[in-house]
Amino acid sequence: MSSSSWLFSLALFVLGAALAVPANAQSRNPVYWDVHDTTRAQPPVVDPGPVPDAPQPPPSDAVVLFNGGSLDAWEHPDGSTPSWIVRNGYFEVKPGSGDLQTKRGFGDVQLHLEWMVPASVEGEKQSRGNSGVYLMGTYEVQILDSHNNSTYPDGQAAAIYGQYPPLVNATRPQGKWQTYDIVFRRPHFDEDGDVVTPARMTVYHNGVLVQDHAELTGPTAWKDRPSYERHASRLPLLLQDHGNPVRFRNVWVRDLE
Ligand code: MG
């Protein structure tokens, strides 16, 4: 082979390797997008089917965080007793009372929770049925009424807030129970506090895959993409009071640490 044809082959190889990066994976990477970028594509709408007749029971090794009774596993971040409302087997955000977090800390988990936004449609965009579940109190999977409610894609229901829109919009209509099943792998840090392994999340919304082993850029935030900061290996799970009366039931985790 002459040196020029060898160089040509090498160039073809390099070009081929570059093209082999899946366009789809590349287009989902947050580094290519501004936080809350409105030019990102809206995820396609998928009908997840009807609400199952009965909630999915927790497996035998689950830590049950709410089974329809008390909020004993929870507190406000200042340590005070939850003032959210418990009624008819669910609990509901009491707007203005503040977030709720688990008394116990968790790192790697499988989390199941069910949520519902009010049947009456009030507000729009980020002001309609907004709450959120924060793994380690730091990494938010958005809860929002995203049924016929357009907002920035990285802030709709099942988004990893400000980073990854869901792969599809599998949101049920207002007043219907919805499920999140989340596999969360926490970040790991070295002695200097630098991140060695970033956090990862896989999320199913109403049984539909919406986040596929997504690598987080750091904590989730509004209009910001902060860098990782070293934290403990176990921190409370947190539910957000965003001023809307979102309901929750059947909350359990499997500790994967
Ligand atoms: Mg939220």
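Arg225 places a side-chain N or O within donor-acceptor distance of the main-chain N or O of Pro30, the cut-off being under 3.5 Å. Formation of a donor-acceptor pair under 3.5 Å by the Asn169 side chain with backbone atoms of His147 is not found in this model. At least one donor-acceptor pair closer than 3.5 Å links the side chain of Asn67 to the backbone N or O of Gly69. Not a single donor-acceptor pair under 3.5 Å links the side chain of Tyr152 to the backbone N or O of Val35. Without hydrogens or angle criteria, Arg128 side chain to Gly123 main chain gives a donor-acceptor distance under 3.5 Å.
Partners of Ser80 under the side chain to side chain donor-acceptor pair (under 3.5 Å) rule, at least two apart in sequence or in another chain, are Asp78. The ring pair (Phe, Tyr, Trp, His ring centres under 6.0 Å) search around His112 returns Trp252, not counting sequence neighbours.
Within the model, atoms CG of Asp181 and CD of Gln110 stand 6.5 Å from one another, a figure rounded to the nearest 0.5 Å. Considering CD of Glu124 and CG of Asp145, their distance stands at 11.5 Å, rounded to 0.5 Å. Rounding to the nearest 0.5 Å gives a distance of 10.5 Å between CD of Glu92 and CG of Asn244. Between Arg230 atom CZ and Asp192 atom CG the span is 8.0 Å, to the nearest 0.5 Å.
No side-chain donor from either of Ser131 and Trp115 sits under 3.5 Å from a side-chain acceptor of the other. Judged purely by distance below 3.5 Å, without hydrogens or angles, the side chains of Arg172 and Asn206 pair a donor atom with an acceptor atom. Side chains of Asp99 and His76: no donor on one and acceptor on the other come within 3.5 Å.
In this structure, Thr102 and Pro236 approach most closely via the heavy-atom pair O-CB, 3.2 Å. In terms of heavy atoms, Gly107 sits closest to Met136 at CA-CE, 4.0 Å.
The local environment of CD in Glu229 is sparse, with at most 12 non-hydrogen atoms from other residues, nucleotides or ligands closer than 6.0 Å.
Judged as a side chain to side chain donor-acceptor pair (under 3.5 Å), the pairs with a partner in residues 134-143 (not counting sequence neighbours) are, in order, Gln126-Gln142, Tyr134-Glu140, Tyr134-Gln240, Tyr139-His231.
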Please determine whether salt bridge (Lys or Arg N to Asp or Glu O under 4.0 Å) holds for the pair Arg247 and Glu114, giving the CA-CA distance in whole Å, both sets of side-chain angles, and the decisive distance to 0.1 Å.
CA-CA 8 Å; Arg247 295 173 181 178; Glu114 304 185 15; over 6 Å; no

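The aromatic rings of Phe66 and Phe91 sit perpendicular, their planes meeting at an angle over 60°, well past the 30° parallel limit.
Considering Leu111, Val133, Leu239 in turn, Leu111 is the only one that fulfils the side chain to side chain contact (heavy atoms under 4.5 Å, CB included) rule with Val251. Of the residues Gln163, His205, Arg28, Arg200, the one that meets the side-chain hydrogen bond (donor to acceptor under 3.5 Å, both in side chains) test with Gln211 is Arg28.
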